[in-house]
Amino acid sequence: MPFKPVQPGADFPKLEESVLDFWRENRIYEQSLQQRDGQTRYVFFEGPPTANGKPHPGHCLTRAIKDLFPRYKTMRGFFCERKAGWDTHGLPVEVEVCKELGIHSKEDIEAFGVEPFIHKCQQSVWQYMQQWEQLTERLGFWVKLDEAYVTYHQSYVESVWWSLKNLYDRDLLYEGHKIIWWWAQGGTALSAGEVGQGYKTVKDPSVFVLFPLVDQTDFDKPTSLLVWTTTPWTLPSNQFAAVNESIEYAVAYDAELDQNVILAKDLVESIGAKRKRELEVKSTFMGGELIGKRYVPPFDYYYKTQGDLTGKLKTGQTQHRAWRITAADFVTTDSGTGAVHEAPAFGEVDYQLLADEQARFETGEGPELICAVAPNGKFTEQAPDYEGQWVKDTDKAISRRLKDEGKLYLLEQYEHEYPFCWRADDDPLIQYPRRSWFIRTTRHKDNMLANNQQINWLPEHIKDGRFGNFLESNVDWALSRERYWGTPLPIWRCEETGRTEAIGGYEEVTSKPGATGMEVWEQAKAADPELADDLKVHKPYIDHITYDSPFAEGAKMKRVTEVIDCWYDSGAMPFAQWGYPHKGHEEFKAQFPADFISEALDQTRGWFYSQLAISTLLFGDDQGGTEKVEFPHPFRNCIVLGLMLGEDGQKMSKSKRNYREPREIFDKYGADALRWYFYANQPPWTAIRYREQTIKESIPEFILRMWNVYSFFVLYANIDEFDPASIADPGDLTAENLSSGEGYRPIAERGELDRWIISELNRTLASVVEKMDAYDNFGAAGAINQFVDVLSNWYVRRSRDRFWAGDKQSPEKLDAYWTLYECLTSTAKMVAPFVPFVSEVIWQNLTSTFGGKTPSSVHLCDYPLTNDSHIDGDLSRRMSLLREIASLGLSARASEKLKVRQPLSGVTVILNDTTDQAWLTEHDELLKTELNVQDVTYTTDAGQYVSYSVVPNFKRLGPRVGKLMPQVKKAFGAADAAAMMAELADAGATSIEVAGESISLDNEDIEVRLAAKEGWAAAQGTGVVVVLATELTPELIRAGYSRDLVRFIQDHRKELDLERTDRINIVIATDSDDLKQAIEENKEYVCSETLAVSLEIVSMAKATNDMIDKEIGEHAFKLRVTKA
RNA sequence: GGUCGUGUAGCUCAGUUGGUUAGAGCGCGUCGCUGAUAACGACGAGGUCCCAAGUUCGAAUCUUGGCACGACCA
């Protein structure tokens, strides 16, 4: 047998395991690379996942997409190396370790000891490594795991250092303040994610405070700006009041106080109502007029010494540094007064306002940040009245004092969401300024925007939508973290002068004059030789290294204590994965930028940004960058994957268990099923509902259907001993390779059906390649699916009798084999990147007969190319028309309740476009079999069956007649369709009267519609009507009986467990003359269908006990089948 | 509150540049086929294309507004 027999119900997960073994043992991935060595590179970057969490279904999607395109491109001839990577630093790792140790705060970590803590972090990173590697392999994601880059490795860290030094030296890395959410009791900052977890609804005081204006000359009464805040404790640190320039404000007179207040005009009434009095509007003006006016703040702790300080503006003028009214467009009239108190120390936007103010002044002349609160959340000596008190506890006292001093206009309770610490949920967080290191990304915003424009984003709206918007509102990157497990910030500071410098590598710092402290690492290593050498560039070891300060005689340089944001690590991956520039020059040059990356939407502000920012700053700057590189970099094409949801459409959650573990999916359905589900069910960027049911359906809908065609082929090829081994040079089994096979006839010489399916194959190949080149896996999968469907449901279905035919060497039969063989081998190659396992199994069995002359793996083949000469558009169109006719015939049968087994004398087909009629007539046989009719007639003169109507071709006539269209439509409805058609046929043109105008029409302007008339067994399609002859003659009925009989015999053969090739003897006992006649008339047919060598008819009286009772219609009979 | 996305059949989702019969799969119903057979096929029912207004001869598709959901950011 040329092919290994195929089990119809395949166990795909089991097959996949054996394919994995084959790949591993034969190093197929490595071979697929070697084979392309020297070819054009297709560069892929792996976005590093963190291995300290379990992989979940979302990671399967990412990895499935990441695998698809490199596999495809490799088959297309590109050289595509795939280096794995792991993201290993950051707070999540520390939190994991803290959990394990049962500790929380930084103090706890310090008490535990930074050194053992770091050791634990480094181990914890690999906690789920094995699971990740298993998942990666099981899914069929080909990536070089054993050469993975790891962000904590020394070479990686040193690469990062090099880049940071580069930025530092170009004044792109600086120290400043950052307002962060601060857990005062715990003494630590919280990440955005942590803050998000801790929101609670609380009531806070909402105070309306009078800020008297310094310059009262324009007013007849004492006048104050009415300012609003919900954090009274920040008032002692007030520096500005902000209004919106484009809001209208009013001076309103409060008769009870005999004072004026200034507030947003729209709020005068509502605030008056709250104080239960009417405020009299004296004048109104735009907010812009208030800008620059000075006021007296409610607390004078700073004001009394600094209130009169002025500074020099960059314009040359002089202005008071603080306690002025400034403009801010975040001020609204939604709540409050339209005037907002600004304490820049305690709010991010407020701090930005201060920064903007500072920028207006000459260096050193502007306002300094004021902060009367210590990091522990208690007031400092700067606010002596409250010194030592927890800020949130002073809200009441402050309100009371303001009231006593007549500065409080109104006090309310205000309900809102406020963040608390997720680890201590009674502790409210406060926004608080910390020293921090920043990357000056804003300086290169334009470059980043320009770079972004060159990237091909999928979906496209990311470019100018989410990502573009994010870049537009770029702020400097707050890089440093006051944590432990991360890439140490390579900045050393002079302990005497405070001056700093950046270091670009380990060697660099240890070879500095007077460098000491390296022995701390050496001792640790000596004590525990198991320690990873990479740890020496980490805390605490690196912190011990000091050297002589170049800035002050006798002083030492010490490293700053911070580590960096781990997003920087991952964003540095394009060069750091190679250790560039300390090593890996060639690799970096050859593999930058990437042709393709893909991650989920949440990476917009993560990896997508960090890569683009770092790359643009380092390599895109023509003023001082190391080298000018054309945009885009570091990636050209990026598929942004949608978020994955659980079974219930909710976010996937471990605790809700609303999703199946990937492993379970692999075991039950296999990796191919999961992959196909990801590729073929929706474009990858839509939110994907991860449903077991849908994954399961990939099997019958695609994989099994393809498998059934394959198993059908193998079954009959083995029976008929069809063996392609005669091909001299099988190669990749391209169409050309196949042509030297024994019994192979050129496609053009084969029957219509064969030519058609080969045409469909080539059309599909063209479409798949076009779509895959455009990163449209969904479209490509759709085309593939359609092809496999027609292959199975039309080609094989309609060709079955050829496979069953007796003569093994008949050209028609061989054509069928060669055609199906080509379809299957091409399909295996075509689907290989999508479903790498099942395609491998099919390929290997279909090529095993060549004894190693073909590639041992489908993944070592070239992607199949389209053979344009085999595409026949006319044939395609005609065949689909033929299929429509068949479908309509079946529909008509169904509505008349005439089962297909009952032969009918004929169908009449009426086409409104007769172009293809001649062709169709030649293919009556197909229709006859499919519809079980004896005759097929085409007619044009079909007035008795159908009525014609005409409708305008809107697309064509619309632009021409414009507004007249509705009337044209009406006129068409009223027109005599037959007459118009006749005129068109005669003269090639006709016309229609509309609104007194004659509109001339040609063939294209008119669509003819057919409708079946009542009283016929007919079905209508868009341009075709099929009418059944429903009259049943006795002959037809008897022919129907014979088909029933065949079915009974076949059933019985199966019950007897006969081989498909076994011959049989049949004995039938009946007293029905009709039945006897039916059998006699169709004896030859019955025998050939059932492989009977004899068929004997006897009377019931002669029946024996071993015969079984059956009935056809009302005719009873007995049946015996025996093996001949 | 801002930005972006989504809203189409019972469910999961397609729908190419606006063109008058809006599709697929699953599920459901009816039937068929019986040498691919623990498969397979056909046919059918099922839709105010979220709502409203606008542009247009014509809107699921374009514009604006609203509603709902989701994500990100405040």
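Only heavy atoms go into these numbers, but all of them, side chains included; no hydrogens, no water, no symmetry mates. Chain letters run A, B, ... following the sequence lines, proteins first and then strands; every chain starts at 1.
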A:Asn793 side-chain proximity, nearest of B:A14, B:C40, B:A71: B:C40

Under-3.5 Å donor-acceptor pair between A:Ser891 side chain and B:A42 base: no

Provide a list of protein-nucleic acid N or O atom pairs under 3.5 angstrom, restricted to nucleotides 3-7 of chain B.
unit_1: B:U3; atom_1: O2'; unit_2: A:Asn469; atom_2: ND2; d: 2.6

Pairs satisfying side-chain hydrogen bond (donor to acceptor under 3.5 Å, both in side chains), at least one member in residues 950-965 of chain A, at least two apart: A:Arg956-A:Asp1002, A:Arg956-A:Asp1005, A:Arg960-A:Asp1005

Residues in side-chain hydrogen bond (donor to acceptor under 3.5 Å, both in side chains) contact with A:Tyr432, at least two apart in sequence or another chain: none

Neighbour count >12 (heavy atoms, 6.0 Å) for atom CD, A:Glu770: no

Parallel, tilted or perpendicular: rings of A:Phe834 and A:Tyr679 (30°, 60°): perpendicular

Residue A:Arg689, side-chain heavy atoms: nucleotide from B:C43, B:C13, B:A36 that is nearest: B:C13

Length of the CD1-P vector between A:Ile695 and B:C13, whole Å: 12 Å

ring-ring contact (aromatic ring centres under 6.0 Å, His included) partners of A:Tyr677, counting only residues at least two apart: none

Sub-3.5 Å pairs of nitrogen or oxygen atoms, protein against nucleotides 16-20 of chain B:
unit_1: B:U20; atom_1: O2; unit_2: A:Lys969; atom_2: NZ; d: 3.3

Contacts of type ring-ring contact (aromatic ring centres under 6.0 Å, His included), residue A:Tyr821, not counting sequence neighbours: A:Phe713

Candidates B:A14, B:C40, B:C43 - which lies nearest the side chain of A:Asn708: B:C40

Sugar-phosphate, base or nothing in reach of A:Leu964, heavy atoms under 4.0 Å: nothing

Partners meeting salt bridge (charged side-chain N to carboxylate O under 4.0 Å, His left out) with A:Glu1007 (sequence neighbours left out): A:Arg1009

Polar side-chain contact A:Arg1047-B:U34 base: donor and acceptor under 3.5 Å: yes

Touch class at under 4.0 angstrom, heavy-atom based, for A:Val968 against every strand present: nothing

Touch class at under 4.0 angstrom, heavy-atom based, for A:Gln1050 against every strand present: base

Nearest-nucleotide comparison on RNA chain B, the residue closer to the 5′ end among A:Phe712 and A:Phe778: A:Phe778

Counter-base of B:G70, judged by Watson-Crick or G-U geometry with both distances under 3.5 Å: B:C4

Whole-Å P distance, B:C73 and B:U16: 31 Å

side-chain hydrogen bond (donor to acceptor under 3.5 Å, both in side chains) partners of A:Tyr1041, counting only residues at least two apart: A:His1115

B:C49 pairs with, by Watson-Crick or G-U criteria that keep both distances under 3.5 Å: none

Test side-chain hydrogen bond (donor to acceptor under 3.5 Å, both in side chains) applied to A:Glu1004 - qualifying residues, sequence neighbours left out: none

Sugar-phosphate only, base, or nothing, as touched by A:Val961 at under 4.0 Å among non-hydrogen atoms: nothing

Spacing of A:Asn932 atom CG relative to B:C31 atom P, expressed in whole Å: 20 Å

Heavy-atom neighbours of A:Lys1110 NZ exceed 12 at 6.0 Å: yes

By side-chain hydrogen bond (donor to acceptor under 3.5 Å, both in side chains) - contacts of A:Glu599 (at least two apart): A:Lys66

Separation of B:A24 P from A:Phe787 CZ (nearest whole Å): 21 Å

Who pairs with B:A14 - Watson-Crick or G-U, where each distance is under 3.5 Å: none

Verdict with supporting geometry, A:Phe346 and A:Ile179, side-chain contact (heavy atoms from CB on, under 4.5 Å): CA-CA 7 Å; A:Phe346 308 115; A:Ile179 308 296; over 6 Å; no

Donor-acceptor contacts, no H, no angles, side chain residues 783-792 of chain A, under 3.5 Å, sequence neighbours left out:
unit_1: A:Asp789; atom_1: OD1; unit_2: A:Arg705; atom_2: NH1; d: 3.2
unit_1: A:Asp789; atom_1: OD1; unit_2: A:Asn793; atom_2: ND2; d: 2.8

Residue closer to the 5' end of RNA chain B, A:Arg800 versus A:Val349 (nearest nucleotide): A:Arg800

Nucleotide opposite B:A42 in a Watson-Crick or G-U pair, distances under 3.5 Å: B:U30

Write down the protein N/O and nucleotide N/O pairs, taken from nucleotides 26-30 of chain B, whose separation is under 3.5 Å; answer none if there are no such pairs.
unit_1: B:C26; atom_1: O2'; unit_2: A:Glu697; atom_2: OE2; d: 2.8

